[in-house]
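This report concerns only the one structure given below.
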Number of protein chains: 2
Amino acid sequence: MKLDNIDLQLLELLQQDSKMNVKEIATQLNLTKTPIYERIKRFEKEGIIEKYVAVLNRKIISQSMIVFCSVSLESQKIDEINAFSEAVRQIPEVMECYLMGGINDFLLKVTVKDLNAYHHFSSGKLAVLPNVGQIKSTFVLNEIKRSTVFPLSL
Amino acid sequence: MKLDNIDLQLLELLQQDSKMNVKEIATQLNLTKTPIYERIKRFEKEGIIEKYVAVLNRKIISQSMIVFCSVSLESQKIDEINAFSEAVRQIPEVMECYLMGGINDFLLKVTVKDLNAYHHFSSGKLAVLPNVGQIKSTFVLNEIKRSTVFPLSL
DNA sequence: TAGTACAAAAGGAAAATTTCCCAAAATGAA
DNA sequence: TTCATTTTGGGAAATTTTCCTTTTGTACTA
């Protein structure tokens, strides 16, 4: 799986705006629609492009609160980690979850409507999971940047 | 700006797969293409849908390292915060950046190819910004969940 | 209860885009 | 240089989007 320069430019464009039509992209990259079309199909087939999604404006839909929470487990056995991981995947408020190095904790990015909803999530959905130890919540005051574009280079 | 039940279902679908065609969505939601089409156009016009993007598979494109870094500024004056914010927005490796409550630090989610690239980012692009105090980096061992779907409800 | 006004939905037709096919050009290896 | 392979170009068919008009539904008023 190797990507040439055109591939990278194409992926960059699609990461910014997937609704651009093939002809338009072709013009920008100095090609015709067929090569662009084929490259995109290849990306989809090989899983380089996982999916296409609509990005919503968080403020308008009034899901305006983001909270990062650090969760430590009481046991770090692999089975326990897997069980917690699977449970967290089922919770829609958890938009991202990472197993962190160094401290062996999980970092969760949680989106909720307001503080009340966060309380409901934290005590009702998260703390009740088996094996959960300490939970530390830090609230986001301001979203400075949110990008979906991976920095690509050869 | 109010969203009815159909709107929420529609937004949920579009957040999961924006390439579904209008007819297909209409069938799922027991409507015809026109109302679906009009609602989508309304979302776009009013900014509820900000944009459409392609989501890439991070591992395949070998941008496989994620690092969270906490950055504290030496001065918390509003001008300094704004200057740092603006600088960070220009750095492609920084995919997300938040001003955090409690500690008045920034939390940055950084994506790089490898440890070497991270070193280059950290000391070459981040630490050199004016007013930057302490930088604490925590590396992600495993990505448990990454979702682009906001939990929506009435 | 009927009538009116307004908003939402249905259906169809035109325009635009995607998809696919085949020929031509470019690239690479022998 | 020649052959084989991959990539690109251009056009036609199929699908989808877009827009227009009619119909249905809903809520408010008399």
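Labels below follow one simple rule: chain letters A, B, ... track the order of the sequence lines, proteins then strands, and each chain is numbered from 1.
Ring-plane geometry between B:Phe84 and B:Phe106 is classed as tilted, the angle between the planes lying from 30 to 60 degrees on a 0 to 90 degree scale.
The shortest distance between the side-chain N/O atoms of A:Arg39 and the OP1/OP2 oxygens of D:dT7 is not below 4.0 Å.
Atom NZ in A:Lys19 sits roughly 12 Å away from atom C1' in D:dT16 (whole-Å rounding). Atoms NZ (A:Lys45) and P (C:dT19) sit 15 Å apart, rounded to a whole Å. If you take NZ of B:Lys41 and P of C:dA9, they are 17 Å apart, rounded to a whole angstrom. In this structure, the CD1 atom of B:Ile36 is 15 Å from the P atom of D:dT16, given to the nearest Å. Between A:Ile40 atom CD1 and D:dT8 atom P the separation is 13 Å, expressed in whole Å. Rounded to a whole Å, the CG atom of B:Asp7 is 10 Å from the P atom of C:dA8. Distance CD (A:Glu38) to P (C:dA26): 18 Å, rounded to an integer number of Å. Separating the CD1 atom of A:Ile6 from the P atom of C:dA26 is a distance of 14 Å, rounded to the nearest angstrom.
Using a 4.0 Å heavy-atom cutoff across all strands shown, B:Arg42 reaches no nucleic acid atom at all. Within 4.0 Å of A:Lys33, counting heavy atoms only, lies at least one base atom of the nucleic acid.
Checking side-chain atoms of A:Gln76 against main-chain N and O of A:Leu73 turns up a donor-acceptor pair under 3.5 Å. Counting only distance, with no hydrogens or angles, the side chain of B:Ser70 and the backbone of B:Leu107 share no donor-acceptor pair below 3.5 Å.
Judged purely by distance below 3.5 Å, without hydrogens or angles, the side chains of A:Gln16 and B:Tyr52 never pair a donor atom with an acceptor atom.
Between B:Asp7 and B:Arg42, at least one side-chain N (NZ, or NE/NH1/NH2) sits under 4.0 Å from a carboxylate O, which counts as a salt bridge. Comment: B:Lys41 engages B:Glu44 in a salt bridge, judged by a side-chain N to carboxylate O separation of less than 4.0 angstrom.
Of the candidate nucleotides C:dG11, C:dT19, D:dT8, C:dG11 has the atom lying nearest to any side-chain atom of B:Thr32. Among the nucleotides D:dG9, C:dT19, D:dT18, the one closest to any side-chain atom of B:Tyr37 is D:dT18. The side chain of B:Thr34 sits closest to D:dC20 out of D:dC20, D:dT7, C:dC20.
Taking the six-membered ring for Trp and the full ring otherwise, the centers of A:Tyr98 and B:Phe68 sit less than 6.0 Å from each other.
Listed in residue order, the members of residues 20-30 of chain B having a heavy atom less than 4.0 Å from DNA chain D are B:Asn21, B:Val22.
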Listed pairs, N/O of protein and of nucleotides 27-29 of chain C, under 3.5 Å:
none

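At a threshold of 4.5 Å between non-hydrogen side-chain atoms, the residues A:Lys109 and A:Ile66 count as touching.
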Test log, rule salt bridge (charged side-chain N to carboxylate O under 4.0 Å, His left out), inputs B:Arg89 and B:Glu86: CA-CA 5 Å; B:Arg89 286 196 195 98; B:Glu86 195 45 43; 2.5 Å; yes

